[in-house]
Amino acid sequence: MDTEKALALLRSRLYDPNYVHATFKSSEESNYCKLKFLIMNSISDSCNNSILLLGPRGSGKVAVVDLVLEDLKTQHPDSISVIRLNGLLHSDDNFALKEIARQLCLDHQLLFSKMASSDDNAGFMIDMLKECGLSHKSIIFVLDEFDLFAQGKQRLLYSLLDAMQTVSSQAVVIGVSCRLDADQLLEKRVRSRFSHRKLLFVPPSREDVRRLLEHILYLPKDIGLLSKYVAEFNSKIQYNLQDILNDKKFQEILDSILFIDGAINNLVQFLFRAVSSMSLESGLLSLENFKGSHLCYQRQPKTQILEGVSILELYILVCMNRLECKEQNSYNFNSVMKEYKAIHEAYKTSDNYRDSVCLRAFEHLLERELIGFVDNKGRNLSIEIQPVKLLISPHELYLGLKSRSSCPAILQKLFDHESFR
Amino acid sequence: MAAKRQTRGSKSSPAIPLTPESTVPPRRSLRSATATTSDPTTPVVPTSVADRTPKSVSKRSLSHPDAPFVTPDRQMQRRSGTPLRTTQKGDASGLSPITPDSKQRRRPGPSVANRTPKSASKRSLSRPDAPIVTPDQKKQRRSGTPSRTPQKRDVSGLPPVTPDFKHSRTARRRVYYKKVVFDEVEFEVGDDVYLKRREGLESDDDDLEVEECRICFREGGTVMIECDDCLGGFHLKCLKPPLRKIPEGDWICDFCEARKLGKDVQLPSPPKGKKVRRTAKEKLLSCDLWAARIESLWREPDGTYWLKCRWYIIPEETAVGRQPHNLRRELYRTNNCNDIEMECVIRHCYAMNPKAYSEAKDAGDDVFYCEYEYDIHWHNFKRITDIDDANENDNGVESDEEWVYKDSDAEEDLENEGLMKSPSCQRKHEVAANICKGRTFGLQKIGIKTIPEHTRCRKQTDLEKAKGMLLLASLPKFLPCRTKEMEEITAFIRGAISGEHCLGRCLYIHGVPGTGKTMSVLSVMRNLRSEVDAGTLRPYTFVEINGLKLASPENIYKVIHEALSGHRAGWKKALHFLNERFNNGTRAEINEHRPCVLLIDELDLLLTRNQSVLYNILDWPTKPHANLIVIGIANTMDLPEKLLPRISSRMGIQRLCFGPYTYQQLQEIISSRLNSLDAFEDQAIEFASRKVAAMSGDARRALEICRRAAEIADYQLKQSLLSKQSLGSRDDLMEEKQRVRMTHIQAALEEVFQAPHIQVMKTSSRLSKIFLVAMVRELYRTGLGETNFEKLATTVISMCSSNREAPPGWDTLMKVGCKLGESRIILCEEGTKHRLQKLQLNFPSDDVSFALKDCSELPWLAKYL
């Protein structure tokens with residue numbers, strides 16, 4: 001019972017980005033503090049600001065915004081209204097204006113009309129900015145996928161930012177984007193009105209990772225679990241040198257994960273898999289869990305697909321590889337079949353199939369995207385004569401062949417023959 | 001109805017039956033009686049009035065020569081001293097509200113005084129529905145219990161007012177005035193006045209003009225000081241120990257201080273036989289008087305003068321009650337209006353906006369602070385805008401001296417509906433807020449329930465003030481550095497308008513963003529506006545359009561049409577009307593139409609495929625009777641050249657270029673905004689302006705950088721204060737003074753101008769670093785910017801294996817590549833192309849080598865760079 005509870009708690013923590021990013025709330029240099037200071041200032045000084053949050057995906061930009069807004073909402077309960085837009089949904093200016101009007105109406109219990117024209121909506125937005133500015137209310141626009149708003153004429157951004165520099169309003173525009181050059185995408189008259197505050201989200205340092213792990217994995221004492229169990233669980237994670245966080249093996253695993261990608265959500269995914277595989281009998285995390293999770297993490301999907309491929313399909317792949325080695329740049333099904341026939345002639349293999357069978361195998365490969373058409377031009381052509389390309393590297397093919405025990409020796413030989421290693 | 005007409009008429013006729021029930025003499029008439037008893041011809045020099053040097057705002061002098069006391073003699077003085085403008089016109093009935101000689105007006109005074117009892121009683125008896133607030137009604141409305149919600153009061157208060165008026169209006173027209181002299185005092189629309197509240201409460205002579213000392217209970221004498229807490233006045237010499245001069249800053253009297261400490265305080269009781277009298281201010285603040293703002297003044301057909309007033313309320317009367325940050329002299333303006341007879345007016349008071357209030361040091365005792373408007377239906381607050389006032393003034397000037405009521409019942413009804421409607425009935429007819437109609441009334445709801453404390457009682461540091469001054473939205477009083485251009489624009493517009501027939505002309509203004517194009521034009525228009533008001537220039541209509549704010553270029557017709565005629569129409573219809581007006585206008589029609597100045601911002605956005613919109617707009621001014629002036633603003637210099645020849649020829653040759661600001665100009669702009677604040681080091685400003693001038697010459701950018709720098713400095717200061725507080729060293733908390741230095745400007749500049757890619761490269765994962773280095777290597781080897789994934793992967797794997805790193809799998813590498821592509825450090829095709837995916841560095845390879853040369857995690861990278 002306790003173990004299930006603990007597992008559920010750990011999972012819900014990992015599932016909630018706000019909890020994960022709350023780790024860095026206290027440190028002064030964190031983005032959380034900076035952003036909070038910026039927004040707080042624009043609320044208390046009643047001024048307008050525009051901020052750009054940049055950073056790779058999974059670095060917690062939106063989570064930090066959420067945390068900050070949550071905090072501010074508790075501090076100033078009725079003087080903040082948040083408008084959220086997403087570039088993927090609202091990159092069309094008219095839609096975006098409508099959505100803004102809708103959310104504003106919802107926030108202030110006004111009646112919203114779907115029929116209003118986009119001019120009306122724009123006017124309404126500006127009026128609201130003014131009215132809210134007069135009544136000390138801040139409107140915070142969170143524009144996720146900001147780069148997608150910076151397409152076309154950028155009417156939305158222009159009218160928003162222009163209103164902010166003329167009307168006595170109190171608004172903050174927070175642009176969130178993973179493109180580092182997002183502000184360069186703005187048209188110059190829009191850029192000139194943008195106030196260019198930038199916050200950069202970078203992967204956490206090693207100490208921060210450590211703090212993050214502790215923050216997530218330690219069980220709290222006051223949620224109704226047996227205190228003995230909690231103590232045991234926590235001591236297992238880190239008590240002395242033999243325990244998980246100090247284990248050399250664990251450090252290596254962590255290192256290899258950070259080697260590839262240090263973003264927080266990457267780490268969280270790794271942890272989630274490890275926590276999910278926790279055994280319910282002992283109720284404790286063990287190093288094995290983390291090892292298993294790391295194995296999953298290291299999987300290479302392309303090579304794994306090769307394991308399920310039939311012998312004939314392997315023949316076709318090898319043939320295509322041979323063709324490429326012969327520096328034949330453009331080939332289609334027919335030329336592959338010619339090569340296949342030639343191999344059959346030369347080595348007298350037992351695997352001789354008819355063209356129609358080969359075509360079906362060929363189609364299978366196309367479906368699995370191990371091979372692909374060169375371009376989309378020849379849509380109406382039949383498959384046989386459309387030029388194709390191998391989408392798997394010789395190295396991966398080599399690994400695939402080697403891992404297959406049932407692979408005919410002739411194929412290995414054919415492949416080795418082609419001067420790869 | 002008939003009874004009412006009669007009573008109203010009776011006021012002008014001397015023969016009025018005396019009703020025995022009359023008990024309460026109305027205050028106004030009594031006062032005029034006292035006025036006449038004192039000798040009106042000899043002005044009494046106010047010697048006895050206490051002189052106080054006002055140090056802080058609240059310690060205002062009680063006797064300033066211009067003070068608004070209405071001592072009878074003073075009234076006289078003022079009256080005769082200032083030349084009076086008689087504003088009423090068409091008053092043929094003989095009884096003019098203002099006569100040049102004050103005595104004449106005063107003469108009926110005593111007789112009025114004699115009559116007063118009857119009129120008062122009659123009012124309460126025979127006209128229960130009269131717009132005058134009769135005592136019992138008043139008690140209903142504002143019985144002085146602050147807990148009652150104002151809404152209830154107001155709804156139950158004076159409903160029958162309006163129907164009355166409608167009837168009377170249909171009979172004869174009302175005459176509206178801007179200014180009325182009533183009982184020797186000039187009342188103007190927009191003035192604030194005290195209004196009578198409960199007639200029976202205190203008789204008139206108790207109304208005190210000069211405050212008494214709280215200790216000796218004598219008025220006048222020497223200097224008095226005002227307590228900032230209870231607003232009581234004290235003679236300096238009566239205090240214990242006596243003060244020699246007025247202290248700096250806030251001063252709180254001993255009684256208040258003791259009360260704050262929780263002691264039981266016994267205020268000195270007045271000497272026997274002397275009644276405690278209160279000034280109008282005190283009465284107002286204790287709910288015994290009302291204050292209101294005059295919205296309009298008119299004379300009824302029967303000769304009585306009425307005013308429409310907008311009530312002020314004291315904080316106690318709002319739904320939230322007095323908040324701790326409320327000032328003692330604070331009032332709220334409500335959105336509740338009533339019609340009141342002039343009789344109720346006592347005298348002037350002054351509700352000022354914060355700025356005027358802080359400047360008005362000597363304005364006397366009747367000065368109040370009014371920053372917010374209170375919505376009586378929704379119980380919320382809203383700041384009062386200055387713009388609001390400006391508009392009202394404009395209207396006033398436009399429509400000459402006299403406001404003749406145009407019989408537009410609909411308008412009045414609408415207004416009344418808006419004001420009288422209770423929230424419940426508003427909800428019933430609610431219109432969607434985001435359509436045009438709904439915006440007028442729907443947005444009343446927006447407002448804050450309680451005024452947040454942080455906006456009020458906060459002492460701003462210099463840095464915080466500087467941040468406020470540097471805001472783009474805070475418009476400076478004057479615009480430095482663009483005088484020449486502004487003169488040119490002024491000359492252009494003036495030349496185009498002033499002629500007898502307005503020549504249609506075009507002006508094209510171009511310049512990079514942030515060089516003050518729109519701002520200059522707007523400020524020119526403001527200046528011209530004041531010229532129009534002064535009568536030196538023909539009135540004109542000004543239409544401002546922004547090309548980027550139009551949903552489509554064609555919508556411009558709609559907007560122009562709406563601005564010119566006030567009607568909404570589809571763009572095709574609007575185009576038709578506009579063509580009619582501009583193309584086929586005859587001479588006769590021209591005189592009806594004022595010249596129109598059309599400002600089109602972001603002109604280049606109006607380009608359509610066949611350029612018909614621009615053609616039309618630029619074609620109209622060339623028509624003989626169009627009366628149209630077009631000012632186009634855009635960024636590009638060669639816009640006219642890009643247009644079709646027939647359009648560019650119509651655009652004319654008048655161009656005006658706004659060059660980028662030089663660093664001296666930027667410096668001037670920044671320092672003029674910061675004028676007296678000691679928040680920036682001079683070199684810091686110069687550094688910022690030089691940098692910006694070198695990059696773009698964009699004033700917005702320069703201001704934003706300075707603001708950002710101030711923010712950074714502020715952040716550092718606050719953090720250091722916090723850490724100091726936690727350390728416990730409190731002594732030097734406030735002494736530290738932070739100024740914006742070069743380092744802060746540098747940090748701000750970096751944030752604005754530097755792309756963050758270097759930092760991202762430095763902090764990215766090790767594999768991505770290897771990936772980037774491999775890209776650079778590939779670039780050096782082949783000399784081609786573009787490579788594909790297969791080649792790159794082999795390079796990466798060979799690099800890894802030769803440096804004893806575990807070679808990554810292809811799919812992992814793919815993932816890393818796509819991630820770099822997402823943040824646009826490299827440009828790449830979509831990942832489905834796998835090994836054929838094309839890759840390219842998005843930044844110069846030097847940036848990569850700079851970022852990764854001395855990487856501590858992977859020292860071996862350096863040898864590949």
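In what follows, chains carry the letters A, B, and so on, assigned in the order in which the sequence lines appear, proteins first and then strands, with residues in each chain numbered from 1. Model, not experiment: these values are computed from the prediction.
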Heavy-atom pairs under 4.5 Å with chain B, option from A:Leu391, A:Asp181, A:Leu399 with the top count: A:Leu391

Pair A:Asp162 + B:Lys549: basic N to acidic O under 4.0 Å: yes

Sidechain N-carboxylate O distance under 4.0 Å for A:Arg189, B:Asp604: yes

Proximity breakdown for B:Leu605 and chain A, heavy-atom pairs closer than 4.5 Å: both

B:Trp810/A:His395 under side-chain contact (heavy atoms from CB on, under 4.5 Å): CA gap, chis, key distance, verdict: CA-CA 9 Å; B:Trp810 279 55; A:His395 180 71; 3.7 Å; yes

Top contributor to chain B contacts, counting heavy-atom pairs under 4.5 Å, from A:Lys198, A:Gln298, A:Lys34: A:Lys198

For B:Leu471, all residues meeting side-chain contact (heavy atoms from CB on, under 4.5 Å), sequence neighbours excluded: A:Cys47, B:Ser474, B:Arg707

Qualifying residue for side chain to side chain contact (heavy atoms under 4.5 Å, CB included) with A:Ser195, from B:Arg700, B:Glu704, B:Arg701: B:Glu704

Pair A:Phe259-B:Ile770, side-chain contact (heavy atoms from CB on, under 4.5 Å): steps then yes or no: CA-CA 10 Å; A:Phe259 175 71; B:Ile770 297 171; 3.9 Å; yes

Residues A:Lys389, B:Glu790: salt bridge by 4.0 Å N-O rule: no

Side-chain ion pair, B:Lys819 and A:Asp261, N-O less than 4.0 Å: yes

Partner residues of A:Phe201 under the ring pair (Phe, Tyr, Trp, His ring centres under 6.0 Å) criterion, sequence neighbours left out: none

B:His834 side chain reached by A:Glu396 side chain, heavy atoms, under 4.5 Å: yes

Side chain / backbone / both / neither for A:Phe37 at chain B, heavy atoms under 4.5 Å: side chain

Contacting moiety of A:Arg299, where chain B heavy atoms sit under 4.5 Å: neither

Salt bridge (Lys or Arg N to Asp or Glu O under 4.0 Å) between A:Asp119 and B:Arg568, intermediate numbers included: CA-CA 12 Å; A:Asp119 277 350; B:Arg568 282 161 80 90; over 6 Å; no

Exercise: do A:Ser393 and B:Arg835 side chains pair donor with acceptor under 3.5 Å: no

Per-residue contact mode, B:Gln837 against chain A (heavy atom under 4.5 angstrom): neither

